[in-house]
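The next block holds one structure in the form of C-alpha cells; read it before the comments.
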There are 2 protein chains.
Amino acid sequence: MSLYEEQFKNYLKNNDLKYTNERKELLKAITILKDHFHVEDIYQQVRKQKSDVSLATVYRTIPILIESGLITETLSEGDKIVYEKIYNEPRHDHMVCLNCGKIMEFSCPGMEKLQKNICREHSFIPVEHRLELRGYCRNCWKNIKQKINNGKYNQELK
Amino acid sequence: MSLYEEQFKNYLKNNDLKYTNERKELLKAITILKDHFHVEDIYQQVRKQKSDVSLATVYRTIPILIESGLITETLSEGDKIVYEKIYNEPRHDHMVCLNCGKIMEFSCPGMEKLQKNICREHSFIPVEHRLELRGYCRNCWKNIKQKINNGKYNQELK
DNA sequence: ATATAATTGAGAATGATTATCAATTGCATT
DNA sequence: AATGCAATTGATAATCATTCTCAATTATAT
C-alpha cells in the first residue's frame with residue numbers, strides 16, 4: 001500500500017469515513033493524473049478506469065482529498081477551479097499566460113522566508129498560500145510584439 | 001472631473017464605447033465602495049444612489065472597469081469573486097482568515113523584487129500577480145488554541 | 001451475521017453569470 | 001437642432017458548475 005493510500009485511509013478512519021470502492025477509484029485517478037486538473041478530468045479518468053463513479057461523488061470526494069492533504073485548489077482561471085496534487089510535492093508557485101493559458105511552475109525559496117516573516121509580524125498563522133503571476137509567456141509575447149510592429153494593436157495601445 | 005472619471009472616459013472613447021448614465025452611476029458606486037466588494041455590493045450601491053441600473057448591466061460593466069484599470073479581481077473565496085479598486089492604490093497582497101473570513105492587506109517590497117527576477121529568468125512578461133496567504137488571524141487562532149486545550153479538537157487532531 | 005451510520009447514484013435544485021432581443025440612447029455627422 | 005446608426009439597456013430566459021435530496025446500498029464495528 002502506497003504512502004498516498006495510507007494517508008488517505010488514515011484520514012478517513014480518523015473521521016469516521018468509509019474507504020469505499022468509489023473513493024479507492026478516485027484516489028487511483030488522482031495518482032494517475034498529472035500536474036493540474038479539473039473536476040471533469042477526474043471524472044474522465046475514473047471512467048477510463050472502467051469504474052462508474054458518479055459526478056456527484058467526484059464532487060463529494062474533493063473536499064476529503066483536500067482535507068487529507070493529497071490535493072489542493074490551486075488557481076482559479078475564470079470559472080473553473082484547478083486542482084493539483086500536493087502530497088510530497090515540493091512547494092512551488094505558478095505563472096499563467098494570459099494569451100495561451102499555459103501554466104508554468106516555479107519555486108523560489110527566498111519568497112517563503114519573506115512570507116513567514118510577514119505572517120509573524122501580523123500574528124497570522126499561515127496554513128497555505130497561493131502566488132500566481134499572470135502575464136505573457138515567451139512565445140506569446142514574441143507574437144504580440146510582432147503584431148504591435150505591424151501596427152495591429154495601435155488602437156488598443158492608443 | 002476626477003482622474004478616476006477621466007481615465008474611465010478615455011478608455012471608453014478609445015474603444016468606441018459610450019459614457020452612459022448607467023456607467024456613470026457604476027463608476028460613482030465603485031468610488032464610494034471601500035476595500036473589497038462583490039458584484040452584489042456594487043448592485044446595492046447603485047440602488048442606494050436611487051438609480052436603477054440592472055444587475056445585467058452591472059455584470060456587463062465589470063470587464064470594462066477591469067480593462068480600464070480601475071478595479072481588479074482579487075481573491076476567489078469559494079464561489080464569489082472579490083473585486084477591489086486599484087487605480088492609484090499602492091500595491092499590496094492579502095491574508096485571509098480561514099475561520100472568520102476577514103481579509104487583511106499587507107505589502108512587502110522585497111517580494112516584488114523577487115517576483116521580477118523570477119519573471120526575467122523565465123522570460124515571462126508579468127502583467128499582474130496575486131498572492132494570498134491563507135491561515136488564521138490572531139483572534140481566531142487564540143480561540144482555536146483554547147478549544148484544543150479544552151479537548152474539543154482532539155478527534156480532528158487525532 | 002447483524003445493526004447502524006455513512007455512502008452512493010440519479011436527477012432535481014440552486015445560484016452566479018451570460019445570452020437574447022426588442023426598445024432606447026449616446027454621439028458623430030449633417 | 002435633427003438624423004442615423006451602432007452601442008446599450010432591462011427583463012428575462014438560458015447556461016453550467018456545483019450542491020442537495022432521498023431511497024437504495026454498503027462498509028465496518030460488534
Side-chain angles (χ1 to χ4, degrees), chain A residues 1 5 8-29 36-47 49-68 71 73-83 155-156, chain B residues 1 5 8-29 36-47 49-68 71 73-83 155-156:
Chain A
M1 181 159 61
E5 193 178 2
F8 192 46
K9 287 179 74 169
N10 279 343
Y11 177 83
L12 294 176
K13 181 162 279 181
N14 289 335
N15 291 277
D16 292 316
L17 301 174
K18 295 171 179 173
Y19 192 42
T20 62
N21 281 327
E22 287 81 1
R23 286 172 183 165
K24 202 177 292 185
E25 290 296 332
L26 285 166
L27 179 66
K28 186 177 167 193
H36 310 94
F37 47 87
H38 294 170
V39 174
E40 194 58 25
D41 298 323
I42 303 175
Y43 184 58
Q44 292 306 327
Q45 176 58 38
V46 290
R47 300 195 72 204
Q49 294 163 207
K50 288 177 282 176
S51 94
D52 41 358
V53 175
S54 74
L55 190 53
T57 296
V58 176
Y59 276 106
R60 280 190 280 241
T61 308
I62 285 172
I64 300 177
L65 291 166
I66 291 176
E67 275 154 39
S68 62
I71 67 173
E73 193 175 299
T74 296
L75 302 161
S76 41
E77 18 162 30
D79 41 1
K80 285 186 190 168
I81 293 171
V82 180
Y83 298 92
Q155 192 176 33
E156 285 93 310
Chain B
M1 180 159 60
E5 192 179 2
F8 191 47
K9 287 180 74 169
N10 279 343
Y11 178 82
L12 294 176
K13 181 162 281 182
N14 288 335
N15 290 277
D16 291 317
L17 302 174
K18 294 172 180 172
Y19 191 43
T20 63
N21 281 325
E22 288 81 1
R23 286 173 182 164
K24 202 176 292 185
E25 290 296 333
L26 286 166
L27 179 67
K28 186 177 167 193
H36 310 95
F37 46 86
H38 294 170
V39 174
E40 193 59 24
D41 299 323
I42 303 175
Y43 185 57
Q44 292 306 328
Q45 176 58 38
V46 289
R47 300 193 74 204
Q49 294 164 207
K50 290 177 282 176
S51 95
D52 42 357
V53 174
S54 75
L55 189 53
T57 296
V58 176
Y59 276 107
R60 280 191 280 241
T61 308
I62 285 172
I64 299 176
L65 290 167
I66 291 176
E67 275 154 41
S68 62
I71 68 173
E73 193 176 301
T74 296
L75 300 162
S76 41
E77 20 163 28
D79 40 1
K80 285 185 189 168
I81 294 171
V82 180
Y83 298 92
Q155 192 177 34
E156 286 93 311

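Order of the sequence lines sets the chain letters (A, B, ...), proteins ahead of strands, with each chain counted from 1.
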Where do N or O atoms of nucleotides 3-5 of chain C meet protein N or O atoms at under 3.5 Å, pair by pair?
from  : atom 1 : to      : atom 2 : distance (Å)
C:dA5 : N3     : A:Lys18 : NZ     : 3.1

Please list each protein N or O that sits under 3.5 Å from an N or O in nucleotides 20-23 of chain D, with the distance.
from   : atom 1 : to      : atom 2 : distance (Å)
D:dT21 : O4     : A:Arg60 : NH1    : 3.4

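Between B:Arg23 and the phosphate of D:dT9, there is a side-chain N or O to OP1/OP2 separation shorter than 4.0 Å. Checking the phosphate oxygens (OP1, OP2) of C:dT25, no side-chain nitrogen or oxygen of B:Asn21 falls inside 4.0 Å. Between A:Tyr59 and D:dT18 there is a side-chain N or O to OP1 or OP2 distance below 4.0 Å.
Closest approach to the A:Thr57 side chain among C:dT8, D:dT8, D:dT19 is made by C:dT8 (side chain taken as heavy atoms from C-beta onward). Residue A:Thr20 places its side chain closer to C:dT8 than to any other of D:dG10, C:dT8, D:dT8. When the nucleotides C:dT8, D:dT8, D:dT18 are ranked by their closest atom to the side chain of A:Ile81, D:dT18 comes out on top. Taking every side-chain heavy atom of A:Val53 into account, C:dG9 is the closest of C:dG9, D:dT28, D:dA7.
Here the CG atom belonging to A:Leu12 is positioned 9.0 Å from the NZ atom belonging to A:Lys9, to the nearest 0.5 angstrom. Note: B:Ser68 OG to B:Asn10 CG = 10.0 Å, rounded to the nearest 0.5 Å. The structure places OG1 of B:Thr57 at 10.5 Å from CG of B:Asp52, a figure rounded to the nearest 0.5 Å. A:Ile42 contributes atom CD1, which lies 4.0 Å from atom CD1 of A:Ile62 (distance to the nearest 0.5 angstrom). From A:Arg23, atom CZ reaches atom CD of A:Glu25 across 13.5 Å, with rounding to the nearest 0.5 Å. The CD atom of B:Gln49 sits 8.0 Å away from atom CG of B:Leu26, with the distance rounded to the nearest 0.5 Å.
Between A:Tyr43 atom OH and C:dA10 atom P the separation is 8 Å, expressed in whole Å. At whole-Å resolution of the value, CD in A:Glu22 and C1' in C:dG9 are 9 Å apart. Put simply, CG on A:Leu12 is 12 Å from P on D:dA29, counting in whole angstrom units. Taking atom CG of A:Leu17 as the reference point, atom P of D:dT26 lies 19 Å away to the nearest angstrom. In this structure, A:Glu40 atom CD and D:dT18 atom C1' are separated by 12 Å, rounded to whole Å. Atom OH of B:Tyr19 is separated from atom P of C:dA28 by 15 Å (rounded to the nearest Å). When the P atom of C:dA28 is taken as reference, atom CG of B:Asn14 falls 13 Å away, rounded to whole Å. At whole-Å resolution of the value, CG in B:Asp16 and C1' in C:dC27 are 11 Å apart.
In terms of heavy-atom proximity, B:Val53 sits nearest to B:Tyr43 at O-CE1, 3.3 Å.
Considering only heavy atoms from C-beta on, A:Leu55 comes within 4.5 Å of A:Val39 through its side chain. No side-chain heavy atom of B:Tyr83 sits under 4.5 Å from any side-chain heavy atom of B:Asp41.
For the pair B:Leu55 and A:Leu55, both in contact range of DNA chain C, the more 5′-proximal nearest nucleotide belongs to A:Leu55.
Under the side-chain hydrogen bond (donor to acceptor under 3.5 Å, both in side chains) test applied with A:Tyr19, the options A:Glu5, A:Lys13, A:Lys24 reduce to a single match, A:Glu5.
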